[in-house]
Every structure is written in structure tokens, then in C-alpha cells.
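Remarks on the structure that follows.
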Amino acid sequence: MAKAATPGPALIAWLIVGIGTVCLVASLNNLGQKQSESGIFGYAGKCFGPMGELMSGWTYWISGWMGNF
């Protein structure tokens with residue numbers, strides 16, 4: 001990115017990504033405080049039943065697995 005972009009657009013891109021990351025962390029923190037005993041998986045289970053909890057767990061695991069490639 002440093003070779004292809006000038007500093008201005010690169011800094012704007014970093015700012016946008018930084019704001020998005022802060023929003024994601026804040027939303028997960030909010031969910032964790034509301035369902036502190038079972039985390040975000042329990043929140044999905046409470047809203048959508050056992051299948052929602054299973055799908056939440058699997059998608060979280062798969063995204064972590066794919067992110068390590």
C-alpha cells in the first residue's frame with residue numbers, strides 16, 4: 001500500500017479501518033456485558049435458540065481459522 005498510494009489516501013484508509021475496528025470492539029464489549037456468563041454465543045442462543053448458538057460458535061471458529069492463513 002505504501003508503494004501504490006500517496007500518504008493522504010493511505011491515512012484516510014487507516015482512519016476508516018480504525019473507526020470500524022473500534023465500533024466492532026465496542027459492540028462485542030456491549031454484548032459481553034449483557035451476557036457475561038455465556039458470552040456472545042449465549043446471546044445468539046438466547047435470541048435464536050440452540051441452532052443460533054451453534055452457528056455463532058462455528059462461524060467464530062471458522063473465521064479465526066481462516067484468518068490464520
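Remember, it's a predicted structure, so these values are computed and weren't measured experimentally.
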Quiz prompt | Listed partners of L54 passing side chain to side chain contact (heavy atoms under 4.5 Å, CB included), at least two apart | solution = M51, W58

Quiz prompt | Over all atoms of both residues, closest heavy-atom pair of G64 and N68 | solution = O-ND2, 3.1 Å

Quiz item: Do you know which of L28, T21, V22 makes side chain to side chain contact (heavy atoms under 4.5 Å, CB included) with L24?
Solution: L28

Quiz prompt | Other cluster members, I12 - Ile/Leu/Val/Met/Phe/Trp/Tyr, side-chain contacts below 4.5 Å | solution = I16

Quiz item: Shared ILVMFWY cluster between M55 and W61, side chains joined below 4.5 angstrom?
Solution: yes

Self-check item: Partner residues of L15 under the side chain to side chain contact (heavy atoms under 4.5 Å, CB included) criterion, sequence neighbours left out
Solution: I19

Quiz item: For G52, does its backbone N or O pair with a side-chain atom of S56 as donor and acceptor, under 3.5 Å?
Solution: no

